[in-house]
Amino acid sequence: MPEYAERFRAERFRECLLAWYDANRRDLPWRESSDFYRVWISEVMLQQTRVEAAIPHYLRFLERFPAVGVLAAASESDVLAAWSGLGYYSRARNLHRAARIVAASGTPDSFDAMRALPGAGPYTAAAVASIALGLPCAAVDGNVVRVASRLSNDASPSESPAVRRRFAELAERLLDRSRPGDFNQAMMELGATVCLPAGPRCAACPVEAFCAARAAGTQETLPARKPRAEVRQVALNLLLRVRIAPGGSREVFLVRRGGGESRLAGFWEPPSVEIPPDGARRIGVFKHQIVNDRFQVAVWLHPDPLVEPLPDGRWFAAPELSAVPLGGIARKAVASLEKAGDTPLFDIGQ
DNA sequence: AAGACGGGGTA
DNA sequence: TACCCAGTCTT
């Protein structure tokens, strides 16, 4: 009877979590009521913003715009001014647009209606729907992803949409349908204060007994992320042939690994160069790296032409260079070369 | 799928 | 000083 056992476990989980929440819940300004407008404003403010940072702005904002009608009637610049210091100003612009929609057509009464408002994604729609409307929607923010990954001891990369869906389904299964708003806030508060990214305080955790990661001792390693793009530390040289003048194409140089431990470590840079006599004028600065077995090339236009033979004169074949995925910078550089009448040809030296 | 968005907090 | 944080929207 695995289903029955599962249901029983989920029920116990809810009891433990909510008992902990009831005993430890913080008094926050937006918890004084479950008023839709106040909950909504707080959830938008709390996107990418810490509770402590949001509180003073929240209080000021509500004083300035005490009800949705006031917000809807305000000018955008007034709203932006009240938002100043919070960052991500598109949140304020979306909120303002959404306020006009709510003022005109009424408070949303479902997850879908909430989700349709500008600035309300899956998280915000679920949070407001559960806290203000009492609807059984699981709100999955970064905290909940961390808690869910540890409860299930699931080391799949947490930024993949499919994996996030799995964690959301777990949260949905655990959700207390009679107190969805409290349950969601309890999960998030657990993640923020106990189930910490580093150094989780398992001894203080109300649901330790339900945690598969804790049982396996893997809690510190979760949630897992996509494997870091791997830069192969191999002396690969890339030959680019660039058509420079009406005369034809010219082979140009290449690149060596950039040094240092900085952001550019692992990229490849051209050696210092001299200007060739034939007036080759516009050669890019090239950086490339092997990322997950794919060649990536970035090309910067450089005011000074550069050409230099490789010191050792050796070339290595780069696989499928003509199919190299160019990043945004490289595409811009190539487009710029083409606009200037120079057709870049990519070729493989050997 | 990947990057922009903006502050503040932290190594 | 530079990196990190993590929802939503855009491309």
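Residue numbering restarts at 1 for every chain, and letters A, B, ... go by the order of the sequence lines. For the numbers below, each heavy atom of this structure counts, side chains included, while hydrogens, waters and symmetry mates do not.
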Taking N or O atoms only and anything under 3.5 Å, show me the protein contacts with nucleotides 6-9 of chain C, one pair per line.
unit_1 : atom_1 : unit_2   : atom_2 : d
C:dG7  : OP1    : A:Gly142 : N      : 2.8
C:dG7  : OP2    : A:Gly142 : N      : 2.7
C:dG7  : O4'    : A:Gln48  : NE2    : 2.7
C:dG7  : N9     : A:Gln48  : NE2    : 2.9
C:dG7  : N3     : A:Gln48  : NE2    : 3.1
C:dT8  : OP1    : A:Gly121 : N      : 2.8
C:dT8  : OP1    : A:Gly121 : O      : 3.3
C:dT8  : OP1    : A:Thr124 : N      : 2.8
C:dT8  : OP1    : A:Thr124 : OG1    : 2.7
C:dT8  : OP2    : A:Pro122 : N      : 3.2
C:dT8  : OP2    : A:Tyr123 : N      : 3.1
C:dT8  : O5'    : A:Gly121 : N      : 3.4
C:dC9  : OP1    : A:Gly119 : N      : 2.4

Look only at the side chain of A:Arg91 and the backbone of A:Val44, and say whether a donor-acceptor pair between them is shorter than 3.5 Å.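 Side chain of A:Arg91 to backbone of A:Val44, a donor-acceptor pair under 3.5 Å: yes, one is there.
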Please give, in whole Å, the distance from [N] [atom2] to [X] [atom1]?
X: A:Arg93; N: B:dC5; atom1: CZ; atom2: C1'; value: 10 Å
X: A:Leu196; N: B:dG9; atom1: CG; atom2: P; value: 17 Å
X: A:Glu159; N: B:dA2; atom1: CD; atom2: P; value: 9 Å

Suppose we screen for salt bridge (charged side-chain N to carboxylate O under 4.0 Å, His left out). Which residues come up paired with A:Glu76, at least two apart in sequence or across chains?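 For A:Glu76, no residue satisfies salt bridge (charged side-chain N to carboxylate O under 4.0 Å, His left out) once neighbours in sequence are set aside.
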Who pairs with A:Arg14 by salt bridge (charged side-chain N to carboxylate O under 4.0 Å, His left out), at least two apart in sequence or on another chain?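 Expected list: A:Glu11.
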Any residue in residues 182-193 of chain A with a heavy atom nearer than 4.0 angstrom to DNA chain C? Just list them by number, or reply none.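 By residue number: none to list.
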Distance only, no hydrogens: is a donor on one side chain within 3.5 Å (strictly under) of an acceptor on the other, for A:Arg31 and A:Gln185?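 Judged by distance alone, the side chains do pair up.
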Distance-only side-chain donor-acceptor flag, A:Gln47 / A:Tyr123, under 3.5 Å: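 No donor-acceptor contact under 3.5 Å links the two side chains.
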Does A:Gly87 or A:Arg50 map to a spot on DNA chain B nearer the 5' end, using the closest nucleotide for each?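 Its nucleotide being nearer the 5' end, the pick is A:Gly87.
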When you compare [N] with [M], how far apart are their [atom1] atoms, in angstrom units rounded to a whole number?
N: B:dG6; M: C:dT1; atom1: P; result: 23 Å
N: B:dG3; M: C:dC4; atom1: P; result: 15 Å
N: B:dA11; M: C:dA6; atom1: P; result: 14 Å

Go through the structure and list residues passing side-chain contact (heavy atoms from CB on, under 4.5 Å) with A:Ala92, not counting sequence neighbours.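 Once residues adjacent in sequence are excluded, the partners of A:Ala92 under the side-chain contact (heavy atoms from CB on, under 4.5 Å) criterion are A:Val79, A:Leu80, A:Trp83.
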Who passes side-chain contact (heavy atoms from CB on, under 4.5 Å) against A:Ser156, sequence neighbours left out?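 Partners of A:Ser156 under the side-chain contact (heavy atoms from CB on, under 4.5 Å) test: A:Asp154, A:Val163, A:Arg166.
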Should A:Asn24 and A:Glu189 count as side-chain neighbours, where that means a heavy-atom distance under 4.5 Å?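 Of all side-chain heavy-atom pairs linking A:Glu189 with A:Asn24, none is under 4.5 Å.
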